[in-house]
Q: 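Can you keep this structure in mind? I'll have questions shortly.
Chain naming here is simple, since letters A, B, ... match the order of the sequence lines and numbering starts at 1 in each. Since the model is a prediction, treat every value here as computed from it, not as a measurement.
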Amino acid sequence: MKYHFNEIEAKWQKYWSEHQTFKAENHADKPKFYVLDMFPYPSGAGLHVGHPLGYIASDIYSRFMRHKGYNVLHPMGYDSFGLPAEQYAIQTGQHPAKTTEANITTYRRQLDQMGFSFDWSREVRTSDSDYYKHTQWIFIQLFESYYCKDSDQARPIAELIEVFTQEGNTRINAVCDEDTPVFSASEWGAYSDVEKQEVLLKYRLTYLSDTEVNWCPVLGTVLANDEVVNGVSERGGHPVVRKKMKQWSMRISAYSERLLQGLDGLDWTDNLKEMQRNWIGKSVGASIAFKIQHSAFSIEVFTTRPDTLFGVTFMTLAPEHELVAQISTEAQRSAIQNYIEATAKRSERDRMSDVKTISGVFTGAYALHPFTGEQIPIWIGDYVLAGYGTGAVMAVPAGDDRDYAFANFFKGQVGMSDIKNIFDQDISETAFTDKGGFKLQNSDFLNGLDYKEATYKIIAELEKIGAGSAKVNYRLRDAVFSRQRYWGEPFPVYYKEGMPQLIASEHLPIILPEVEKYLPTDDGKPPLGNAHTWAWDTIQNKVVSNELINHQTIFPLELNTMPGWAGSSWYFNRYMDAHNKTSFASVEALQYWKDVDLYIGGSEHATGHLLYARFWQKFLFDRGYVPVDEFAKKLINQGMILGMSAFVYRWDYESTNNRQKTIFVSKNKMESIVQERAQAGMKADNEKKWSQFTPIHADVSFVNASDELDIEALKNWRPEYKDAEFITEANGKFFVNREVEKMSKSKYNVVNPDDICTQYGADTLRMYEMFLGPLEQAKPWNTAGITGVHGFLKKLWRLYHNGLEESFFVSNEPASADSLKTLHKTIKKVDEDITNFSFNTSVSSFMICVNELTEQKCNQRAILEPLAVLLSPYAPHIAEELWEQLGHSNSISNAAFPVFDEKYLVESTKNYPISFNGKMKFTLELPLDLTQEEVKNIVLNHEKTQQILEGRTPKNVIVVPGKIVNVVG
RNA sequence: GCCUUGGUGGCGGAAUUGGUAGACGCGCUGGACUCAAAAUCCAGUGCUAGCAAUAGCGUGUGGGUUCGAUUCCCACCCAAGGUACCA
């Protein structure tokens, strides 16, 4: 009986679907376990072999936990709002919803054929109004909240209004805009309605403000910093300019400290947590004001080393700093101006990559030291960034490498005084940057103090004279939440007298309107500006035609939409109760599932999605809508599967009769071609010989495992290659060059899982992807080894069928000790491996297990039945089929995982490696119950030992019981 | 520059708290079966020398600790990912 994987897989996929085998209930006697994958954006290209890597891992874990007796929630859905569908709509006019729907159909088919145990009854799509209704609802809650620093949580904005009415805002300790005015109760009362709304916006957790953004005129949209590369858009390479726009922002900065602290309790990888820490960028220090001599201005700096205040020898301002123009002296003005212009011309990337070059100009002005009154020259330099801190630093060369380098570079010039050593340490070569291991000197009242003592003291003294105070600075900025796009969630917002008004929750969802075209309007409004029915009727509470706008009862709606991360910042909660009509999930469901126990996804979301989602979860927690304030206990990042691009080298030249010819040259022939050309008297520029060949991506499907190209396939690929010549190797073969790159349609290196499923089956694909290497490691896709895994499954099948002779062949006789040992060894290993996410090594263990059992001619139920369960997380289809053949009528998916029993592995002897000076020379089988002394004697009296020692007496013999013997001497 | 991770055969990769380096798979070589191919099975396969027994070398490089180091420590080189000249 042959292993017909295609039939078996189709059969069980149908069974699982019909029996709803993986449907999770929101209550159970069993403990809960929630396994989540980062949901995909359904792109037009479909899934490639890289996508399933994480899904296979999470599926193995889910199935494993079901066998272990957990009530497992393992859902899947689609992050279905996004730019590609919109750009396709712009090009073709096809509605993004239609494109998205079609893509989802493909994704679903592909996911199904890989045998994932998803609970599809809980599927979510962020672009469904049933879903984004709740995204809009969360937005409303954010708008209706402020961040109270006293209780360190988000609270209803109504509380704030209450206090404003009673006593103004003088005693309010809340996160707000920097320009928030201070007012009394009577002033508040005197504010107009619009003024009140303006003040409240400065406190709301989502607020409207003028934000400097990266505006891309061609795309008609704002881009995130990481979507801008080198001053042009990442997509399409269109120019990007800085522009101020009214935008919705999320006050994520209010949560900086909690986002940072929360990381400690999470079982996420250290490097990912470190990335988030760096992104949040907390620095503790002090803010210090320096008066400028002969001027009313003062410069505020932020420093992490206030203890070094007496070591300040100059100050540096960012060239963009607003005071530069006002304080520069006449003599320095032109030099300053030149420097500012030169800096403006340098791109960000330039300034960043070129950290070694030191540059700066003296302004001619001086600041005054807050304690000594000494003159401190003020410089400008491009190493100081306008966007961080205050855009000004106090430079202490003794304690900072950059300041040290700067001071040395300009040593002796006007405005650069000598370095002052304030440490009892040598600074003749480099600055002393450690925050410890020193005592201060030359530092007035700080002399003799260490870092901690001095920091405490200086802040106290600064506060006394009103020149500074302790300050914590975060790098994390508020997140812009508006997008000038069509295919996103509409805001539940209309505008009255220019102020945003929120639509009450009971009228949600506000459905995305139809538009004729998906581009920005001619007057630069976002695509929703094209909608005709996009006004809010406050009487009827519904969306009505724009023509009815009267600014009395009917108002224009917001034209921006929400960004991609809106829908993905809370979807894990929706899965808990995906069909709830009244709220995003019921209290009971949220209480039951609480949080994600295991989250698997790519590390590229480290500082985007994973930070925003944590922020929303904390907010929802503060307002009592979710029971926990971190949504994912454990997170694993799967590595990227890379493609093996195939390059052919094209060589265009004009032949003697001036005809353009296209020639493709096999990989190893290029060198000799160049030489031939040289001999034939053609111009052969050795410097440039490789550049004469243009590398071209060939579709990887034209190339076999030995890098040999199917020439006919390439010729038929493009009309212009039809008549191309091919210079092959001596054996007539044509080889391509291989390079590892990211898998992408444009590189023609995408490998589709469909073909592999057809050729080898889903079980083979699942096991092979795991076998490729450690889950978290990036690795190139290479099908070369897939036959090994496929062969293993065939061998497994034969184990249950006595070769291919009989239909089924399992005996009820007791199993041999050897077989039991093999089985239990495997149980132990697989259990440990899954727990440690070391899936690649358990595939090896399965191979060893089946090899051994085959050797033992094992056919006992006592072995083969538990083995099927053991294997079922990895290769669920074949496991189900074998399980059925073993006589079970229920799915294997809830069978108990075999329990490891130590007794089968107990050994009475050990094959000891006998090493001499650490080098293993031979092995010796010895009983384990011998004493160390007995082992020593046996080894020393062994003939081989005598041989190796050649009569010498060993200095020492190390016996590690059960491990090794080492003879020294 | 800084942070993180990594560097082991022809290739993907194994190796518990320091204890037989190279598991498992691919590839390769030879053999069996077959008219032949596919499939399957058997044997071998780190490198160098040798018919062989065997010897020497060997986990990026150079040191160190240890009876013993892929594993621990120091210095350095290289690669990948992240990033912020962050005061």
Q: Under the side chain to side chain donor-acceptor pair (under 3.5 Å) test, which residues partner A:Gln856, sequence neighbours left out?
A: A:Ser819, A:Thr822
Q: Do A:Arg614 and A:Leu266 make a side-chain contact, defined as non-hydrogen atoms from C-beta onward lying under 4.5 Å apart?
A: yes
Q: Between the side chains of A:Thr607 and A:Gln276, does any donor sit under 3.5 Å from an acceptor?
A: no
Q: In whole angstroms, how far is the P atom of B:C86 from the CH2 atom of A:Trp279?
A: 15 Å
Q: Measure the distance from CD on A:Gln777 to C1' on B:A14 and round it to the nearest whole Å.
A: 12 Å
Q: Specify the glycosidic conformation (syn or anti) of B:G12, with syn defined as within 90° of 0.
A: anti
Q: Quickly work out the A:Lys779 NZ to B:G12 P distance and round it to whole Å.
A: 13 Å
Q: Give the rounded distance in Å between these two atoms: CZ of A:Phe302 and P of B:A87.
A: 7 Å
Q: Any carboxylate oxygen within less than 4.0 angstrom of a Lys/Arg side-chain nitrogen, looking at A:Arg277 and A:Asp264?
A: yes
Q: Looking at A:Lys825 and A:Glu852, does any basic side-chain N land under 4.0 Å from a carboxylate oxygen?
A: yes
Q: Between A:Arg402 and B:C86, does any side-chain N or O lie under 4.0 Å from OP1 or OP2?
A: yes
Q: In whole Å, measure the gap between the P atoms of B:C2 and B:A75 for me.
A: 13 Å
Q: With respect to the side chain of A:Arg475, which nucleotide from B:A15, B:G13, B:A84 is positioned closest?
A: B:A84
Q: Determine the sole option in A:Val396, A:Ile427, A:Thr313 for which the side chain to side chain contact (heavy atoms under 4.5 Å, CB included) test with A:Lys420 is passed.
A: A:Thr313
Q: What does the list of N/O pairs under 3.5 Å between the protein and nucleotides 40-48 of chain B look like, with a distance for each?
A:
unit_1: B:C41; atom_1: OP1; unit_2: A:Arg798; atom_2: NH2; d: 3.1

Q: Who pairs with A:Ser915 by side chain to side chain donor-acceptor pair (under 3.5 Å), at least two apart in sequence or on another chain?
A: A:Asn966
Q: Does any non-hydrogen side-chain atom of A:Tyr912 lie less than 4.5 Å from one of A:Lys963?
A: no
Q: In whole angstrom, give me the gap between the C1' atoms of B:U48 and B:C67.
A: 29 Å
Q: Without decimals, in angstroms, what is the distance between A:Met767 CE and B:G12 C1'?
A: 16 Å
Q: For residues 469-476 of chain A, run the donor-acceptor check on the side chains, cut-off 3.5 Å, and write out each pair with its distance to 0.1 Å, sequence neighbours left out.
A:
unit_1: A:Asn473; atom_1: ND2; unit_2: A:Tyr388; atom_2: OH; d: 3.4
unit_1: A:Tyr474; atom_1: OH; unit_2: A:Glu257; atom_2: OE1; d: 2.3
unit_1: A:Arg475; atom_1: NE; unit_2: A:Trp279; atom_2: O; d: 3.2

Q: Measure all distances between protein nitrogen or oxygen atoms and nitrogen or oxygen atoms of nucleotides 65-68 of chain B, and list the pairs falling under 3.5 Å.
A:
unit_1: B:C67; atom_1: O2'; unit_2: A:Asn966; atom_2: ND2; d: 3.2
unit_1: B:C67; atom_1: O2; unit_2: A:Asn966; atom_2: ND2; d: 2.7

Q: Indicate, with a heavy-atom threshold strictly under 4.0 Å, whether A:Glu776 touches base, sugar-phosphate, or nothing.
A: nothing
Q: For residues A:Trp797 and A:Phe5, establish whether the separation of their ring centroids is below 6.0 Å.
A: no
Q: A:Glu855: which residues meet the side chain to side chain contact (heavy atoms under 4.5 Å, CB included) condition with it, sequence neighbours left out?
A: none
Q: Could you run through nucleotides 3-11 of chain B and give me one letter per nucleotide, 5' to 3': B if any protein heavy atom sits under 4.0 Å from the base, S if only the sugar-phosphate is that close, - if neither?
A: SS-------
Q: Report all interatomic pairs (protein N or O, nucleotide N or O of nucleotides 24-27 of chain B) with separations under 3.5 Å.
A:
unit_1: B:G25; atom_1: OP1; unit_2: A:Asn851; atom_2: ND2; d: 3.3
unit_1: B:C26; atom_1: O2'; unit_2: A:Ala784; atom_2: O; d: 3.3

Q: For A:Lys821, give me all partners under side chain to side chain contact (heavy atoms under 4.5 Å, CB included), at least two apart in sequence or on another chain.
A: A:Leu905, A:Glu907
Q: Using atom C1' of each nucleotide, how far apart are B:U65 and B:G1 to the nearest Å?
A: 32 Å
Q: Distance between the C1' atoms of B:A52 and B:C42, in whole angstroms?
A: 23 Å
Q: Within the 3.5 Å criterion, strictly below it, is a donor on A:Tyr383 or A:Asp403 matched to an acceptor on the partner's side chain?
A: yes
Q: Reading RNA chain B from 5' onward, which residue's closest nucleotide shows up sooner: A:Met920 or A:Thr607?
A: A:Met920
Q: Would you write the dot-bracket representation of RNA chain B, where each base gets (, ), [, ], | or . depending on whether it forms a Watson-Crick or G-U pair under 3.5 Å and with which partner?
A: (((((((..(((......[....)))((((((.......))))))((((....))))..(((((..]....))))))))))))....
Q: Pick the P atom in B:G68 and in B:G19, then give their distance to the nearest Å.
A: 15 Å
Q: If you take the centroid of each ring, where Trp contributes its six-membered ring, are A:Phe406 and A:Phe314 closer together than 6.0 Å?
A: yes
Q: Using the side-chain heavy atoms of A:Pro774, tell me which of these nucleotides is nearest: B:C85, B:U83, B:A14.
A: B:A14
Q: Taking the C1' atom in each of B:G58 and B:G22, what is the distance between them to the nearest angstrom?
A: 11 Å
Q: May I have the distance from A:Asn836 (atom CG) to B:U17 (atom P), rounded to whole angstrom?
A: 10 Å
Q: If we take the C1' atom in both B:U8 and B:A21, what is their distance in whole Å?
A: 8 Å
Q: Go nucleotide by nucleotide along RNA chain B from the 5' end; which of A:Val393 and A:Arg277 gets its closest nucleotide reached first?
A: A:Arg277
Q: Just jot down the side chain to side chain donor-acceptor pair (under 3.5 Å) partners of A:Thr308, sequence neighbours excluded, or say none.
A: none
Q: Identify, with sequence neighbours excluded, every residue that meets side chain to side chain donor-acceptor pair (under 3.5 Å) alongside A:Thr826.
A: none
Q: Report the C-alpha distance between A:Ile756 and A:Thr783 in whole Å, list the side-chain angles of each, state the deciding distance to 0.1 Å, and finish with yes or no for side-chain contact (heavy atoms from CB on, under 4.5 Å).
A: CA-CA 9 Å; A:Ile756 294 175; A:Thr783 41; 4.0 Å; yes
Q: Mind checking if A:Asn840 touches a base, just sugar-phosphate, or nothing, with heavy atoms under 4.0 Å?
A: sugar-phosphate
Q: Please report, rounded to the nearest Å, how far the P atom of B:A87 is from the CD1 atom of A:Ile358.
A: 18 Å
Q: Could you verify whether a donor N or O on one side chain and an acceptor N or O on the other, from A:Thr841 and A:Ser844, lie under 3.5 Å apart?
A: no
Q: Pick the P atom in B:G9 and in B:A14, then give their distance to the nearest Å.
A: 14 Å
Q: Find the distance A:Leu272:CG to B:U83:C1' and express it as a whole number of Å.
A: 14 Å
